[in-house]
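Structure record follows, encoded as structure tokens.
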Amino acid sequence: MLLVTFTLSAQRKIKLLNQDWNFTYGYEVKKNVYERIDIPHTWNKIDANSGNPSYYRGLGNYERDILIDSAWKGKRLFLKFYGVNSIANVFVNGKHIGEHRGGYTAFIFELTNFVQYGKINTILVRVNNAPQLDIMPLLGDFNFYGGIYRDVELLITEKAVISPLDYASSGVYLSQKKVTKEKAEVEALVKISNLDNQSGLQLALRVKDGNKTVLERILDVNSNQEEVKIPFTINKPHLWNGVVDPYMYQVEVSLYDSNVVIDEVAQPLGLRYYHVDENNGFFLNGQHLDLQGVCRHQDRALIGNALRKEHHDEDLIIMQEMGANSIRLSHYPNDPYVYDILDEAGFVTWSEIPFVGPGGYRDKGFVDQESFKDNGKQQLIEMIRQQYNHPSICFWGLYNELKTTGDSPIEYVKELHALAHKEDPGRITTAASNSEDNQLHEITDLIAWNRYFGWYRGAPSDIGTWMDELHKEQASFKIGLSEYGAGASAFHHENELKKPKAPDRWHPEKWQSHYHEEYWKAIKDRPYIWGSYIWNMFDFGAAHRSEGEDIGKNDKGLLTFDRKIKKDAFYFYKANWNLEDKFVYITERRFVVREQSKIKVRVYSNCPEVELFINGKTFGKAYGSYGIFEWNNVNLYHGKNTVEVRAKIKNKEYSDQCIWVLQ
């Protein structure tokens, strides 16, 4: 049992409740077989990632005791969960206080009338990740890890509060009505929960530029008022400008009672404007920006989806090193902390709901069932309201790979599109498709395709031809690439460049590199592609897969599942996307034992020229195109060969070295 103690003042208090939970499987809560765990936690970190498609999907029970201080009587208490997959039923002292259905958004319940003050209270959370026909997603090429895998918080407030009950949002919505380089017009909408209809309250809004307050508004709040609108203008705004300058103001909203602050919420305000042109792509603050994007799943080897902040931080640092400036959070909303760091890094972000197909029930991820459709709308509202103020988010994603046969989802997607614009008129909707039905593609503001020429069929070079034909035939479409990629093991190597037979077990790293080289050449030459997103930044768990080096894994990542090895293709993108961090990198470096004495040496670099040395002997300089440098017919000696490359810029030398052994 962990006792929660701290000194109360008038403002809200937040206490993290991640420690000292007891966990057990199954329908019956058997206290004698409890396992002591800390949150974040998933019960599938081993079985789901072991290649067992029958990994445990069922009930898990989390229980812990908490001392509810008698000093909290007269306050309001809330219990907030940031992610529980996928159904959570919460009990306090044996009484059911609420259910949440959906595994990727936050939810909150008020405990005020359920607790016993001055006593030990018991919280029980019954979690179920079994398949459900009325909860998104029905299916997916990823693992549905069960558990309380994000933070749990206890919130203590006064009776009048900036509402935490509006779909577990901040209760503050900052709508950017019109933003230019000259002026930003913003409207703040603040939700109020005033339990006793208390009178005499005031609401203050302050915009902070660092430590400096640049704007302040104070309004009276009526006793029965549930929301307050506060319009304001900032002249000559400092714009949030992507990775170049991800500047943010801070908005502090304070609720006063007799000049005493009784509640306060702070939210980011990154002022920006953007649009997408069907011929010229994405524009941020009036300037064209190539969206160099990646997709990311929220799991890791031996951890599953129970990630901590340091895991998210590490992933971002890796993406920054490669030079990415945009991300698709596939296929579900991420932890709020992820959006925070994406704001700060300046990544243009695509956040989507888990409306995922195809396969599964009737060969698609849609069932024409009202409870299913209601759940999708609930998850869309939750995603938008909870992440409303993040400047990094430019696109709301509505679906991934739906089919229009059988129970067609077209009318439902129209409802989602209308709902997204009702909830947030200022942002753009998009979707990821592999369908041939253009009725589906005409609904969202933008459309993007998942295309794997050169992996499942065709050649990598086919992507350019296919995109050009699509752009010509559907000239009004704003076209993106939402997924493209090829599987690779960092330990599968061969001399000949040849396409693997997906989904075989042999996934040579060389083919993945070739695949991405060809795709990026096509993407770079086509400005009408508004954004492109590599599938995937990291290998991820997919229990049903039996291909590549390890079963139970999708190995299309540019890094291994544990983030320990950056595959060769990572450095190809770094050579093209990150022109500041100079480097040279020898490809196929893990192909150590060779059987051919005459080979081709390939290097990725963002330097203008690179020199090759074998055992100290120079093989001359090469000049790159798309960051690729090649030396043909290079001789290896029998036994150990030291391979080294060097580049020099302004008297600074960059080098790389590896060992190859000729048998």
Side-chain angles (χ1 to χ4, degrees), residues 82-83 104-106 150-151 168-176 179 184 186 188-189 205-211 214 234 237-253 265-274 282-285 287 289 291-296 298 307-330 332-352 382-397 423-424 426-428 430 531 533 537:
Y82 283 87
Y104 305 100
T105 44
R150 293 180 189 160
D151 290 346
S169 73
S170 68
V172 175
Y173 303 95
L174 304 173
S175 298
Q176 301 184 31
V179 177
V186 183
L189 173 65
L205 178 143
R206 299 177 183 87
V207 180
K208 307 292 277 299
D209 184 351
N211 294 323
V214 297
I234 298 177
H238 189 160
L239 298 180
W240 185 91
N241 197 32
V243 296
V244 174
D245 184 16
Y247 182 81
M248 287 181 288
Y249 297 88
Q250 188 86 348
V251 174
E252 296 176 354
V253 179
V265 169
Q267 289 290 288
L269 177 62
L271 297 166
R272 77 284 185 270
Y273 58 99
Y274 60 94
F282 181 80
F283 289 78
L284 178 63
N285 301 329
Q287 300 296 315
L289 178 63
L291 294 185
Q292 299 167 173
V294 298
C295 299
R296 175 193 185 247
Q298 61 170 17
L307 302 183
R308 299 180 184 273
K309 289 182 178 180
E310 56 265 30
H311 300 127
H312 300 304
D313 289 338
E314 183 184 18
D315 283 3
L316 177 61
I317 290 168
I318 291 168
M319 291 184 283
Q320 288 175 313
E321 179 194 346
M322 194 174 77
N325 63 10
S326 186
I327 189 169
R328 177 184 173 214
L329 299 175
S330 47
Y332 36 72
N334 274 218
D335 190 302
Y337 180 75
V338 172
Y339 298 97
D340 290 340
I341 61 177
L342 291 174
D343 290 343
E344 294 168 0
F347 272 51
V348 173
T349 299
W350 167 343
S351 182
E352 64 192 32
E382 288 173 336
M383 176 179 71
I384 292 175
R385 294 198 188 186
Q386 290 169 21
Q387 314 306 338
Y388 193 89
N389 299 323
H390 289 287
S392 58
I393 300 174
C394 293
F395 315 115
W396 296 125
E423 287 288 319
D424 184 6
R427 284 188 175 93
I428 294 172
T430 190
Y533 296 86
M537 189 68 213

- Query: If you round to the nearest 0.5 Å, how far is CD1 of I234 from CD of Q176?
  - Reply: 9.5 Å

- Item | Side chains of N241 and L284 in contact at under 4.5 Å (non-hydrogen atoms) | yes

- Query: Which heavy atom in E423 sits nearest to a heavy atom in Y388, and how many Å separate them?
  - Reply: O-CE1, 3.5 Å

- Message: So, using side-chain hydrogen bond (donor to acceptor under 3.5 Å, both in side chains) as the criterion, who are the partners of Q250 when residues are at least two apart?
- Response: none

- Decide side chain to side chain contact (heavy atoms under 4.5 Å, CB included) for W396 and T430; before the verdict, give the C-alpha distance in whole Å, the side-chain angles of both, and the deciding distance to 0.1 Å. CA-CA 6 Å; W396 296 125; T430 190; over 6 Å; no

- Message: Taking side chain to side chain contact (heavy atoms under 4.5 Å, CB included) as the criterion, tell me which of D151, D313, L307 meets it with Y337.
- Response: D313

- Nearest non-hydrogen partners of M248 and P268, listed with the distance: SD-CB, 3.8 Å

- Query: Does a side chain donor of either Y339 or S392 reach within less than 3.5 Å of an acceptor in the other side chain?
  - Reply: no

- Task: Give a yes or no answer on whether the side chain of Y273 reaches the backbone of N285 with a donor-acceptor pair at less than 3.5 Å.
- Result: yes

- Message: Is the shortest side-chain heavy-atom distance between D424 and Y173 below 4.5 Å?
- Response: no

- Assign the ring pair Y247 / H238 to parallel, tilted or perpendicular, where the plane angle (0 to 90°) is split at 30° and 60°. parallel

- Item | Beyond-backbone contact of I384 with R427, side-chain heavy atoms, under 4.5 angstrom | no

- Item | Worked check of side chain to side chain contact (heavy atoms under 4.5 Å, CB included) between Y104 and M383 | CA-CA 9 Å; Y104 305 100; M383 176 179 71; over 6 Å; no

- Note on the structure: Nearest heavy-atom contact between W240 and L342 is CZ2-O, 4.5 Å

- Any R272 side-chain heavy atom under 4.5 Å of V179 side chain: no

- Task: Would you check if F347 and Q320 make a side-chain contact, meaning some heavy-atom pair closer than 4.5 Å?
- Result: yes

- Message: Just verifying a value: how many Å separate M319 CE and I341 CD1, rounded to the nearest 0.5 Å?
- Response: 7.0 Å

- Is there a side-chain contact between H312 and R296 (heavy atoms, below 4.5 Å)? yes

- Query: Is any side-chain heavy atom of M537 closer than 4.5 Å to a side-chain heavy atom of I327?
  - Reply: no

- Rounded to the nearest 0.5 Å, how far does SG of C295 lie from CH2 of W350? 7.5 Å

- Task: Output the distance between atom OG (S170) and atom CD (Q387), rounded to the nearest 0.5 Å.
- Result: 9.5 Å

- Kindly indicate whether the side chain of H390, heavy atoms from C-beta on, has any atom under 4.5 Å from the side chain of T349. no

- Could you give the distance from OG1 (T105) to CZ (R385), rounded to the nearest 0.5 Å? 13.0 Å

- Note on the structure: Between A184 and L271 the two heavy atoms that sit nearest each other are CB-CD1, 3.7 Å

- To the nearest 0.5 Å, atom CZ of F282 lies from atom CG of N325 at 9.0 Å

- Query: Of all heavy-atom pairs between P333 and S351, which one has the smallest distance, and what is that distance?
  - Reply: CA-OG, 4.3 Å

- Message: Check whether R150 reaches the backbone of Y82 with its side chain - one donor and one acceptor, N or O, closer than 3.5 Å.
- Response: yes

